[in-house]
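Just so you know, these numbers come straight off a predicted model, no measurement behind them.
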Amino acid sequence: MRLFFNAQRVWRGTIGSMKRLDFLFFDAGGGHRAAATALSQVMQQQGRPFDICLVNLQEFLDSMDIFRKLTGLRMQDIYNLILKKGWTLGTAQVLKGMHGVIRLFHRQQVRLLEDLWRANRPDLVVSLIPNFNRALFDSLQRALPGVPMVTILTDLADYPPHFWIERQDQYFICGTEKAVQQARALGRPESKIFRTSGMILNPQFYEIAPLTAEDRAAARAKLGFSPDQPVGLVLFGGQGAAVMQEIARDLPERQLLLICGKNDKLARRLRSMPHAAPMFVEGFTKEVPRYMQLADYFIGKPGPGSISEAVAMHLPVIVERNAWTLPQERFNADWVLEQGAGMVLPNFRRIAQAVDRLLDPVAYARYRAATERQQNRAVFEIPAILEKILASPA
């Protein structure tokens, strides 16, 4: 029997009949693992009667990762390198090629995954990843017929074909009306589609205590900021991005808080940059909610997690959308405009003018009000949805 070292039990409930839930994630970007972890934490806090295990699909499929065989790098590591270097032009075509490779090795994936399901014996499989949901579903049906599968979209919308939503008899949990419409368009019945109020966020974003005006001013002063001037938070995901240097250079008179994630080289470069206004540079941190609490607006890429976090902390956002924007994130910019939560630029070359317009008192009040209208409680809504699915007849 194969041993699956990548299955990590994170919570075993103590009430009633125990059901095992396998949460599937990978580390291409940070959002999939973060969503799986946040959801498991909330279910643990709620005392749900489940045996929850996190399964890193990349580790399990390593033995047949054709990308690793060709380049020496895992597929998720290639993706993260692309983000770090900003090599995102043409990713729509790259995605088509990747889907071709995935289809080519579909049977091998199914055979491997059958072993996983027979070893783990889950009562419910929850996928928080795109691209592999057909293989996950086909293997589950072969190994454990009748066990339901749920896909939780960690993007605001699907990027068809064969990204998140497949034509198969499973459940889908969608954070926007756009994603719901896409599931319907692929023939999924209403009974298999669940709508939440947004994306999964780390429970820290709800637990962080509000600051008084005096405490907020004091905390900003500790970072070197003038308390009476606005602070812009610049964040481009867990890998950072070279464009952060250009943004800092083009906003010399603006106070900036830049979070570089795991990109230590970028952090060193930013710290060595001359900058007229105070500028604080942070690397990888788990204190994003606190930093957002101290900022007044957000500048970054239109990632679903970053946008949702900023809006949850009532920060108007400035993002760009162009040929370099990841195809699955382009709708996110549309969502920002639809909700009135910020501005979308063709590029950051005119970021100084955009910040001036955003911080105009009338405009800023309008954007801020739009963020406050968003009441995202998805991470607390999904546990009840999963319990309902488990209670549904097969």
Side-chain angles (χ1 to χ4, degrees), residues 2 4-10 21-41 52-84 88 91 94-95 97-106 108-110 112-117 119-120 122 124-140 149-155 158-159 162-166 170 172-173 199-200 202 237-239 261-262 284 303-306 326-329 382:
R2 188 190 303 269
F4 300 106
F5 61 89
N6 57 332
Q8 176 191 0
R9 175 171 283 112
V10 295
L21 278 60
D22 278 7
F23 288 1
L24 278 293
F25 71 94
F26 52 26
D27 288 320
H32 308 286
R33 178 190 286 269
T37 302
L39 185 57
S40 65
Q41 287 175 351
I52 301 174
C53 288
L54 303 186
V55 181
N56 186 335
L57 188 65
Q58 173 68 65
E59 292 182 6
F60 180 69
L61 294 178
D62 265 349
S63 64
M64 58 165 296
D65 187 343
I66 187 64
F67 301 96
R68 188 177 190 177
K69 292 176 181 178
L70 292 174
T71 68
L73 294 174
R74 290 167 151 188
M75 181 176 64
Q76 68 181 25
D77 296 331
I78 294 173
Y79 180 85
N80 291 332
L81 181 64
I82 287 172
L83 296 183
K84 186 174 182 177
T88 52
T91 44
V94 172
L95 187 60
M98 185 184 75
H99 283 167
V101 172
I102 291 172
R103 287 195 298 273
L104 182 64
F105 289 88
H106 177 74
Q108 292 95 316
Q109 294 163 21
V110 169
L112 277 173
L113 289 165
E114 284 183 58
D115 291 343
L116 174 64
W117 307 136
N120 287 3
L124 179 67
V125 171
V126 181
S127 168
L128 295 105
I129 58 174
N131 303 314
F132 291 93
N133 286 305
R134 179 172 164 242
L136 291 172
F137 179 81
D138 287 352
S139 60
L140 184 63
M149 173 175 159
V150 182
T151 294
I152 303 175
L153 279 69
T154 62
D155 283 308
D158 192 15
Y159 182 71
H162 308 300
F163 196 74
W164 282 105
I165 304 173
E166 299 279 4
Q170 63 154 110
F172 297 94
I173 298 178
M199 298 288 98
I200 295 174
N202 190 302
Q239 303 299 321
K262 297 178 181 178
F284 178 77
S306 297
L326 293 171
Q328 69 269 26
E329 295 184 349
I382 292 174

Do H106 and D138 pair up side chain to side chain, a donor and an acceptor below 3.5 Å, judged on atom types alone?
yes
Student check: side-chain heavy atoms of V125 and F137 closer than 4.5 Å
no
Take V126 and I382, measure what side chain to side chain contact (heavy atoms under 4.5 Å, CB included) needs, and give me the verdict at the end.
CA-CA 11 Å; V126 181; I382 292 174; over 6 Å; no
Could you tell me whether the side chain of S40 and the main chain of T37 form a donor-acceptor pair under 3.5 Å?
yes
Taking all heavy atoms of I200 and all of A38, pick out the closest pair and write down the distance.
CG2-CB, 3.9 Å
Verify side chain to side chain contact (heavy atoms under 4.5 Å, CB included) between L39 and I52, making sure each step is shown before the conclusion.
CA-CA 10 Å; L39 185 57; I52 301 174; over 6 Å; no
Can you list the residues that meet the side-chain hydrogen bond (donor to acceptor under 3.5 Å, both in side chains) rule with Q170, with sequence neighbours excluded?
T151, Q168
With side chain to side chain contact (heavy atoms under 4.5 Å, CB included) as the test, pick out the partner of I129 among I152, N56, L57, T154.
L57
Output for pair (S139 OG, L116 CG), nearest 0.5 Å, gives 8.0 Å
Quick one: are Q328 and F163 in side-chain contact, heavy atoms under 4.5 Å?
yes
Taking every heavy atom of A36 against every heavy atom of F23, the minimum-distance pair comes out as O-CD2, 3.8 Å
If you round to the nearest 0.5 Å, how far is CG of L140 from CH2 of W117?
6.0 Å
Just wondering, do V55 and N120 contact through their side chains at under 4.5 Å, heavy atoms?
yes
Determine whether a donor-acceptor pair (N or O, by modelled atom type, separation under 3.5 Å) exists between the side chain of Q109 and the backbone of I102.
yes
Closest approach of G237 and S306, non-hydrogen atoms and distance?
N-OG, 4.5 Å
Side chains of N133 and W164, donor plus acceptor under 3.5 Å
no
F172 vs V150, side chain to side chain contact (heavy atoms under 4.5 Å, CB included): CA-CA, chis, key distance, verdict
CA-CA 6 Å; F172 297 94; V150 182; over 6 Å; no
Where do E329 and P304 come nearest, in terms of heavy atoms and distance?
OE2-CD, 3.9 Å
Using the test side-chain hydrogen bond (donor to acceptor under 3.5 Å, both in side chains), find all partners of D158 that sit at least two apart in sequence or belong to another chain.
none
Using the side chain to side chain contact (heavy atoms under 4.5 Å, CB included) rule, take M149 and L136 through it: C-alpha gap first, then chi angles, then the decisive distance, then the call.
CA-CA 8 Å; M149 173 175 159; L136 291 172; 3.8 Å; yes
So F26 and H32, would you call those rings parallel, tilted or perpendicular, with 30° and 60° as cut-offs?
perpendicular
